[in-house]
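Working notes, structure below.
Worth saying up front: this structure is predicted, and the values here are computed from it rather than measured.
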Amino acid sequence: PEAVLASISAYYRRVTTTASPMGRLVGLAMVALLAALVWQAADGSAAGWVSAVSLTAAVLAIGLAILRVFGRARRLGARADPPDVQSRLARSICRDHLICLAGMVTLLATQLAAA
C-alpha cells in the first residue's frame, strides 16, 4: 500500500541521503570489522576455520550491502519509480537485509563458539 511505501521510502531517504555523516560511520565500522578479521587471521589467534568462516560471512554481507542494498535504498528513497517498482525494490531490500543478517549472525556465532 501507498502508506507503507511512503514510510519505507522516507526511512531510506533519511538513512541514505539526509543522515550524511552516519553513512560514513557505518562504512568505517565495516572497514574496521574487516580489518579486525584479517588481523585475527594473520596473527593466528583463532583457529583457521574460525577466520575463514568469519571473513567469508562478513565479506558476503558487506559486499551485498555495498553492491545492492545501498543503491536500491537510495533509489527507493528518491521515490522516482512507479509504485510497483518501488514495491519490488522494497521487497528486494528486505530479502538482502535478511541475507546480511544471516551473515552477521553466522559471524557472531562463529566468534562466540570459538571463544
Side-chain angles (χ1 to χ4, degrees):
E2 173 56 31
V4 174
L5 278 177
S7 175
I8 294 170
S9 297
Y11 169 77
Y12 283 116
R13 184 173 41 260
R14 266 191 321 275
V15 171
T16 60
T17 56
T18 60
S20 178
M22 203 55 164
R24 289 187 180 97
L25 184 60
V26 170
L28 181 63
M30 290 177 180
V31 169
L33 172 64
L34 291 175
L37 291 173
V38 167
W39 181 267
Q40 180 186 52
D43 79 354
S45 62
W49 71 270
V50 172
S51 294
V53 170
S54 297
L55 268 168
T56 300
V59 166
L60 290 174
I62 292 169
L64 183 61
I66 291 169
L67 296 175
R68 287 182 39 167
V69 174
F70 184 73
R72 290 178 182 184
R74 285 189 75 163
R75 183 175 167 188
L76 181 59
R79 298 214 69 190
D81 295 304
D84 63 318
V85 174
Q86 290 179 42
S87 183
R88 280 196 304 273
L89 284 170
R91 284 187 174 88
S92 74
I93 292 167
C94 179
R95 279 190 302 272
D96 290 348
H97 271 80
L98 292 173
I99 293 167
C100 290
L101 176 63
M104 292 296 100
V105 167
T106 299
L107 185 152
L108 179 63
T110 301
Q111 292 289 317
L112 291 174

* Answer yes or no: is there a donor N or O on one side and an acceptor on the other, between the side chain of Q86 and the main chain of D81, under 3.5 Å? => yes
* Looking at C100 and A61, what are the two nearest heavy atoms and their distance? -> SG-O, 3.3 Å
* **Single-linkage hydrophobic cluster L60~V26, side-chain heavy atoms < 4.5 angstrom** => no
* Nearest-0.5 Å distance, CG of residue L33 to CG of residue L107 -> 6.0 Å
* **Main-chain N/O of R14 paired with T17 side-chain donor or acceptor, under 3.5 Å** => no
* **Distance, nearest 0.5 Å, that separates OH of Y11 from CG of L76** => 11.5 Å
* ILVMFWY network linking L67 to V31, side-chain heavy atoms under 4.5 angstrom -> no
* Where at least one partner belongs to residues 22-39, residue pairs that pass side-chain hydrogen bond (donor to acceptor under 3.5 Å, both in side chains), sequence neighbours excluded -> S20-R24, W39-D43
* To do: Find out if a path of hydrophobic residues (ILVMFWY) with successive side-chain heavy-atom gaps under 4.5 Å connects V38 to I66.
  => yes
* Structure fact -> Heavy atoms of V50 and A114 approach each other most closely as CG2-CB, 3.4 Å
* Asked: For the atom pair CG (D84) and CG (L89), what is the distance rounded to the nearest 0.5 Å?
  -> 10.0 Å
* Structure fact -> Test side chain to side chain contact (heavy atoms under 4.5 Å, CB included), reference F70, set R72, R68, R74, output is R74
* Measure from the side-chain N and O atoms of T106 to the backbone N and O of A102, and report whether any donor-acceptor pair falls under 3.5 Å. => yes
* To do: Could you tell me which non-hydrogen atom of M30 sits nearest to which non-hydrogen atom of A65, and how far apart they are?
  => CE-CB, 4.2 Å
* Asked: Looking only at heavy atoms, which two atoms of A41 and S51 are closest? And how far apart?
  -> CA-OG, 3.4 Å
* Asked: Rounded to the nearest 0.5 Å, how far apart are CG of L64 and NE2 of H97?
  -> 9.5 Å
* Less than 4.5 Å apart, any side-chain heavy atom of Q111 and any of L37? -> yes
* Asked: Does V69 share a hydrophobic cluster with I62, counting links as ILVMFWY side-chain heavy atoms below 4.5 Å and allowing steps through other members?
  -> no
* To do: Check whether any side-chain heavy atom of R91 sits under 4.5 Å from a side-chain heavy atom of S87, and report yes or no.
  => yes
* Does some side-chain heavy atom of L55 sit less than 4.5 Å from a side-chain heavy atom of Q40? -> no
* Closest contact, heavy atoms only, G77 versus R13 -> O-NH1, 2.7 Å
* Asked: Would I8 end up clustered with V15 when hydrophobic side chains under 4.5 Å apart are linked, directly or stepwise?
  -> yes
